[in-house]
Amino acid sequence: MSHEKGLGYSIWNIFVALFVLTAVEVAWGYAFHHNTGLLLKMPVWLFWGGLLLMALVKGLLIFMYFMHMRFERWIVWGLILPTPLLVMIVLAANMPDTSFNEQRDHPIGYLEDQTGEIVNALDTLHPAKGRGTLHGAAAEGGGGH
Amino acid sequence: MMRLIAFLLLIAVPILGVYTFVNAQEHNWWFPPAYSTFAPDIDWLFNFIMYMVAFTFIVTEVALAWFVWQYSAKRNDKGVFTHGSHKLEMIWTAIPAVALLVIAFTQMETFAKIKFASGFPTDGPYTREKPIAEVWASQFDWRFRYPGDDGVLGTVDDLESSFEFVVPVGVNVVFHLRARDVIHSWFVPEFRLKQDALPGHTIPVWFQATKEGSYDLVCAELCGWGHYKMAGRVRVVSAQEFDAYMAELKAKWFSNGKE
Amino acid sequence: MNPVSTPSAPVITHHAPHLQPGEGEPGTVRESHDHHELGFLRKYVFSLDHKIIGLQFLFSGLVFLVLGGLMAMAIRYQLAWPWTPMPGLSWMFPATGGAITPEFYTMLFTMHGTIMIFFVIIPLLTGAFGNFLIPLMIGAADMAFPKLNMFGYWAMWPAFVLILMGFFVEGGHAAGGWTSYPPLSTIESAAPGSLSGQTYWLMSLTWVGVSSMMGAVNYVTTIVKMRAPGMTLMRMPLSVWGLFIAAFLQLFALPVLTAASIMQLLDRVIDTGFFTPTNLIVNNLTPDSFAHGMPAAAAGGQPLLWQHLFWFYSHPAVYILVVPAMGFTSDILAVHARKPIFGYKPMVYSMAAIAGLGFIVWGHHMFTSGMNPALGMSFMVATIMIALPSAIKVFNWLGTLWGGRIRLNTPMLFAIGFVSMFIIGGLSGIWMAATPVDIYIHDTYIVVAHFHYVVFAGSMFAIFSAIYHWYPKMFGRVMNETLGKIHFVGTFIFTNCTFYMMHQLGVAGLMRRTADPYAYDVYAHLQPLNEFITLSAFCMFAWQIFFVVNFFHSLFWGYRVGRNPWQANSLEWDAPSPPGHGNFDGPLVVHRGPYEYSSPEVAEDYLPQTRAV
Amino acid sequence: MTTTAAIAPYDPAVDAPKPHHAIYDYDSGPPVNRGKFAIWLFLATEIMFFTGLIGAYVVLRIGADSWPDPENRLAVLITAINTFILIVSSATMVKAVERAMLGDNDGLVKWLGATVVIGATFVGVQVYEYAELIKAGNLPNVDIFWSTFYAMTGFHGLHVTVGVIWNLVVMIAAMRRKIPQEKYMTVELAGLYWHFVDLVWVLLFTIVYLM
Ligand code: HEA
Ligand code: HEA
Ligand code: CUA
Ligand SMILES: [Cu+2]
């Protein structure tokens, strides 16, 4: 086994790479922010993509070297490989319902009237404000029951 | 002795099982009548799956009972020494696979018609964008808000009613389902239509009632201690009656409402 | 025939120097330590022995089974005769003279479901039998991490305590269903059980999660690393495979529920806004008037997010409930049919396929929830396809029985019962998997019928079967056969009377979780059917007395048997009954798979895995 | 009954356990240390746990109508330095594992000590950050930004704290010379956990503080 003879890689190279990437990330964040960028405003996807890429590279460096997965056998890889797939599945299934859901709508329980003023939907139906109790209203509503 | 009992028990499962389903219709322990346009489709799909499944059910259960009877007889020899059969394995993978794919694909059209945005009616008086009413669910009652004369929801001329939802017969009805507090579910057994009302969401729902009458509107999602009594009604009326009802509602609303 | 490569006798290193356990090359056998006596506390309470820990899980599970069963009876009483006082229970509900209140009813089924799933079936299958069987069946002396194993059991105790404490808090226990959909479960004024009961519920489930995680890590490590020489993966009994696969389900699915319940806990306790949308008006109260449970300004909470995260765990969880049960059934069928299991490899692969597919079908619980319908479509196809591996299993069980020399012992009867009932439960799953049909039958009694067929008539039958089968190994005595058969016959009949009829309720459209179905006109005519179901359920409950008596009587006065009463092949029958510390008498070599029954190689109709021919 | 084969009674000659038998320990699997195998399984569960938390953040954020700029709300620079601190502690941990492998007990204690101190510094800075935020009224119930922020960083902080304690325990064992060269795995397991926690932070820092 390789690690019996030591780490098998130079930790300082990795360390410097991590350090530099972190610095670049922060600089990137300040310089190219998609709406408050100091230097240049970037489209969101490019801004985020760059950051994510750097974060992933950092994560991979830690994963491959510090956690020495590079030198690990297939069995250990096998334990961890299903997780990225499952992460994708969780995200992919949640996106349509949580992130891109046209049916979402808030504030909830409030309605706009014609003038754009916000009216509490309950006001119009609130028992204390004129429509009577639920069952009263039901009876009034004229009843099939 | 145990052999006989076990056989009888096992064979009773498919026999009584099928009998129960046949018998259920007689006792009215079966579907309530189907009074919406897609209700017969759903019933058809239900029955379609039922026949496919019943076939499998009978074959497997009878085989099970038969094997138990046949091979628990007292004998002094050894059992058949086999570790399986590749051919059989292929057969009983392939055939169910085809059957299951058939089942899956027959479902799609109906589901798309009921729930997909593209399945919604576009020609009638009511559409996804222009619903007949907004249905509000809250603990533990139903309220209905019609758009009033201007045809726009959320304006001051909206008309509101509670408990009873009146809709015209033979027309594609689209409504917006909303919840004020927790999750509820719109369920009218006769229409075979169920849709959860999700707080924070406005969910368009459509159906077309095919028969006039008054039907129970049931809340089908647990919403608290009063879930069991969160009853409403859907009254399906003719077009004229519907217009009359709207006029009546308008009169009532503006006579003792805020204006 | 299995391609048998007989391993040579193991080389035994005595006290190999400088090696931690598990450090050797594959195939090493190490004599590790000698037998020594322990005090009572170390031996039976804080035991590190996997067998004792298994028994601890077994007894806790059975205790909770009684509790869950009693709650089921109360549910059934209410459904047959709503709001009438339960005879003899007026002391419990003095305010109503013994009748169930609607608040209490919601709490009843919530806690019935929770307890049955998280405190009965999962601990019994993976906790009790997982612990007891895995090392014995693979020939190991114990689990890989005995201490972790002990913590795994003791991590259940906070869960036990919390779940029981919840019954006594103001407002009663959680009442949002075992699914705990927010906002009902997060807003304090939405339901009485959402006061602090729900908080106890969530904390308790987090502990269950910790316990299961510890167990699962242990099981997988043990199975991969500690098999006896010659015990290849494809020679493992299917029980071990079932437990192995279930452990993976727990490893990958359960943490998501833990994260979700922590988020729900935060929503409740410190008013974060993960699952609770803004500006709800609950009980005619606007947001600002809530003490807790509703974020005043936090926007963007998503109830559907909880449903996705919850079912991402809880669907795989239902396969945790059934995959080990399938394994036990396969083993028991083969032993008592005196035949090799039909299609061993397809059995293994289909179990793995069920588990794998189980990760991508959870949306079938959400077809009407407001989920994107296109998602619903893909979940439907995946769900329907999961019937395929199940079909393979069913047909292979039938193939196993075919041509056998079946001995109708009690374990065998329950195993056959499992097969018969699993078919029913599985087939009704197809109805619900079909999206348009599910629009109608979602949240009706068809669902209730479906899952009681798979969890009670399925998993619970498998557990009964396993208890009867491995009881001699656990206690050195067999349970009484006559009582066992009486138990089986009655349970089989009443189970079917109880749950089969629920299909009819479901087709008639009756929703679940209703305290009083007859409040609606459409359901009024269903009362006689409900009364029948209730009476059957009562009979079923009462019938369990045969089991309880048999269980406890046999502990002390059962027929004392030897190592291998059923003439079975797998390794556990090589150990003394009950096995002592370290399990086996000496080093083992495995020569073949566990299913060589009726083999022509030998005169007897069984051929233990350890016997060299 | 009829088909039940007679169950053989207990026969002490065959069935009794052998007295004073030895206990055997097998190694069947691929040549991976048991502890390492188990810790990777555990890390897989941890990944799924953070999937729940971070996944919720991701989907809620994409779905939000608007999302505040973290720069306006959080002290990005301080946290950038804190990120750097955590990376340093990962590096010292690697050195500690290396020392343990080479059987250099003093080196092990030294590097582990450094890891513990630096790790504790990270926690300290985070506690300080929390204190400042809370003082300014930025509680988790203010809006979904803060809800997700506290949940994610809080649970990460908890993990770091556990890691510090774990390393401390290992360090004490090393100080008492309980970790000879053959047992370097003890250190390595703590190390794997520690690097994992670092890895999670690398992702969290980017998506919470920078994006
Ligand atoms: C042990 C537990 C267990 C098991 C094994 C299953 C197995 C299956 N379940 Fe079930 N299910 C539950 C426990 C379980 N379920 C629970 C607890 C709930 C309710 C949760 C709640 O809401 O509270 C539920 C709810 C549930 C729903 C949601 C219903 C609703 O709320 O509207 C659905 C929908 O698709 C479903 C489907 C299935 C399917 C397709 C299978 C399949 O795996 C079944 C496969 C088996 C077979 C099909 C039988 C054998 C096969 C053959 C004999 C071959 C031939 C067959 C054909 C050609 C069809 N289940
Ligand atoms: C594993 C799970 C499991 C099990 C075994 C059961 C068992 C039973 N369940 Fe359960 N049930 C659920 C899981 C389970 N249930 C779930 C998840 C729900 C949904 C909850 C929700 O909606 O949120 C539910 C809901 C539910 C409902 C619907 C309530 C409603 O929606 O309004 C009903 C109604 O009839 C019911 C009835 C029963 C009955 C009669 C039994 C009977 O089979 C019980 C019989 C019990 C016994 C016979 C126990 C006897 C004791 C022993 C054998 C122990 C021996 C002890 C020693 C030796 C010490 N259950
Ligand atoms: Cu509203 Cu149930
Ligand atoms: Cu499911």
Side-chain angles (χ1 to χ4, degrees), chain B residues 2-3 6 9-10 13 24 28-32 42 45-46 49 53 57 60-61 63-64 67-68 71-72 75 78-81 83-84 89 92-93 96-97 100 103-104 107 110-111 115-116 180-183 189 192 194-196 198-201 203 216 218 220 222-225 228-229 231, chain C residues 102-103 106 177 181 183-184 190-191 277 280-282 303 338-340 342-343 346 368-370 373 381 384 387-388 391 395 398 401-406 408 420 423 427 430-431 434-437 439-440 442-443 492 504 507-509 511 513-516 519-522 525 529 598-599 605:
Chain B
M2 198 58 226
R3 183 182 169 214
L9 282 179
L10 290 171
V13 170
N28 206 10
W29 296 334
W30 202 244
F31 287 113
I42 290 184
L45 288 170
F46 181 94
I49 298 178
V53 156
F57 172 62
T60 46
E61 297 282 357
L64 183 67
F67 290 171
V68 168
Y71 299 108
S72 59
R75 284 190 240 183
K78 284 186 185 177
V80 180
F81 186 68
H83 285 94
E89 221 63 67
W92 64 46
T93 310
L100 291 167
I103 291 181
Q107 310 301 319
T110 312
F111 186 64
K115 297 269 161 159
F116 274 36
R180 192 168 280 135
D181 39 32
V182 300
I183 303 177
R192 312 282 188 270
K194 189 178 287 135
Q195 175 60 56
D196 285 9
L198 208 55
H201 296 241
I203 301 177
D216 270 325
V218 172
L222 177 66
C223 53
W225 67 271
Y228 73 96
K229 63 169 180 128
Chain C
E103 296 87 338
T106 47
Y181 283 1
L184 180 63
L280 306 181
I281 301 165
V282 182
R338 318 306 296 161
K339 252 201 79 191
F342 200 86
T368 62
S369 67
V381 177
I384 291 184
L388 198 54
F395 295 135
L398 290 177
L401 291 176
W402 170 82
R405 295 292 173 268
I406 298 174
L408 289 176
S420 164
I423 294 173
L427 292 176
I430 306 296
W431 266 329
T435 35
V437 180
I439 294 176
Y440 177 61
H442 169 70
D443 266 345
F492 190 85
Q504 268 66 53
V507 184
M511 322 93 67
R513 295 173 168 174
T514 29
D516 177 8
Y520 296 98
D521 295 348
V522 265
H525 65 288
L529 196 49
S598 298
S599 162
D605 63 353

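Just so it is clear: chains get the letters A, B, ... in the order the sequence lines come, proteins before strands, and each one is counted from 1. A quick note: this is a predicted structure, and the numbers were derived from the prediction, not measured.
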Asks: Identify which part of Y520(C) has an atom lying under 4.5 Å from any heavy atom of chain B, answering side chain, backbone, both or neither.
Replies: both

Asks: How many angstroms lie between atom CG of D521(C) and atom CG of D216(B), to the nearest 0.5 angstrom?
Replies: 5.0 Å

Asks: With respect to chain C, which residue among F111(B), F57(B), W225(B) yields the maximal number of heavy-atom pairs within a distance under 4.5 Å?
Replies: F111(B)

Asks: At a heavy-atom distance under 4.5 Å, which candidate from T110(B), L222(B), I42(B) has the highest pair count against chain C?
Replies: L222(B)

Asks: Aromatic rings F31(B) and F46(B): how do their planes relate, parallel, tilted or perpendicular, breaks at 30° and 60°?
Replies: perpendicular

Asks: What option among T435(C), I423(C), T106(C) has the most heavy-atom pairs under 4.5 Å with chain B?
Replies: T435(C)

Asks: Count the heavy-atom pairs under 4.5 Å between each of P303(C), A387(C), S420(C), A434(C) and chain B, then report the option with the highest count.
Replies: S420(C)

Asks: With a 4.5 angstrom heavy-atom cut-off, which part of A220(B) approaches chain C: side chain, backbone, both or neither?
Replies: both

Asks: If you tally heavy-atom pairs under 4.5 Å against chain B, which of V507(C), L427(C), T514(C) wins?
Replies: V507(C)

Asks: Between V53(B) and chain C, with a heavy-atom cut-off of 4.5 Å, which part of the residue counts as in contact: side chain, backbone, both or neither?
Replies: both

Asks: Counting heavy-atom pairs closer than 4.5 Å to chain B, which one of P346(C), S369(C), A508(C), P373(C) comes out on top?
Replies: P373(C)

Asks: Quick one: does any side-chain atom of H442(C) pair with a main-chain N or O of T368(C) as donor and acceptor, under 3.5 Å?
Replies: no

Asks: Could you tell me which portion of F395(C) (side chain, backbone, both or neither) has an atom closer than 4.5 angstrom to a non-hydrogen atom of chain B?
Replies: both

Asks: I need the minimum non-hydrogen distance between L184(C) and A191(C), along with the two atoms involved.
Replies: CD1-CB, 3.9 Å

Asks: Could you list the residues that satisfy side chain to side chain contact (heavy atoms under 4.5 Å, CB included) with S598(C), not counting sequence neighbours?
Replies: K78(B), R338(C), D605(C)

Asks: Mind listing the closest non-hydrogen atom pair of R192(B) and I439(C) along with its distance?
Replies: O-CG2, 3.6 Å

Asks: Among F67(B), W30(B), W92(B), F116(B), which residue has the highest count of heavy-atom pairs closer than 4.5 Å to chain C?
Replies: W92(B)

Asks: Checking L198(B) against chain C: side chain, backbone, both or neither under 4.5 Å from a heavy atom?
Replies: side chain

Asks: Above 12 or not: heavy atoms from other molecules or residues under 6.0 Å from CH2 of W402(C)?
Replies: no

Asks: For the candidates P183(C), G177(C), G370(C), G343(C), which exhibits the highest count of non-hydrogen atom pairs separated by less than 4.5 Å from chain B?
Replies: P183(C)

Asks: Using a 4.5 angstrom heavy-atom cutoff, name the option from M511(C), E103(C), R405(C) with the most pairs to chain B.
Replies: R405(C)

Asks: Sort L45(B) into side chain, backbone, both or neither according to what part of it lies under 4.5 angstrom from a heavy atom of chain C.
Replies: both

Asks: Which pair of non-hydrogen atoms, one from I406(C) and one from V68(B), has the smallest distance, and what is that distance?
Replies: CD1-CA, 4.0 Å

Asks: Between G79(B), A24(B), P32(B), A63(B), which shows the greatest number of heavy-atom pairs under 4.5 Å with chain C?
Replies: G79(B)

Asks: Taking atom CG of D516(C) and atom NZ of K229(B), what is their separation to the nearest 0.5 Å?
Replies: 11.0 Å

Asks: Taking side-chain hydrogen bond (donor to acceptor under 3.5 Å, both in side chains) as the definition, give me every residue that meets it alongside K115(B), ordered by chain and number, with sequence neighbours left out.
Replies: Q195(B)

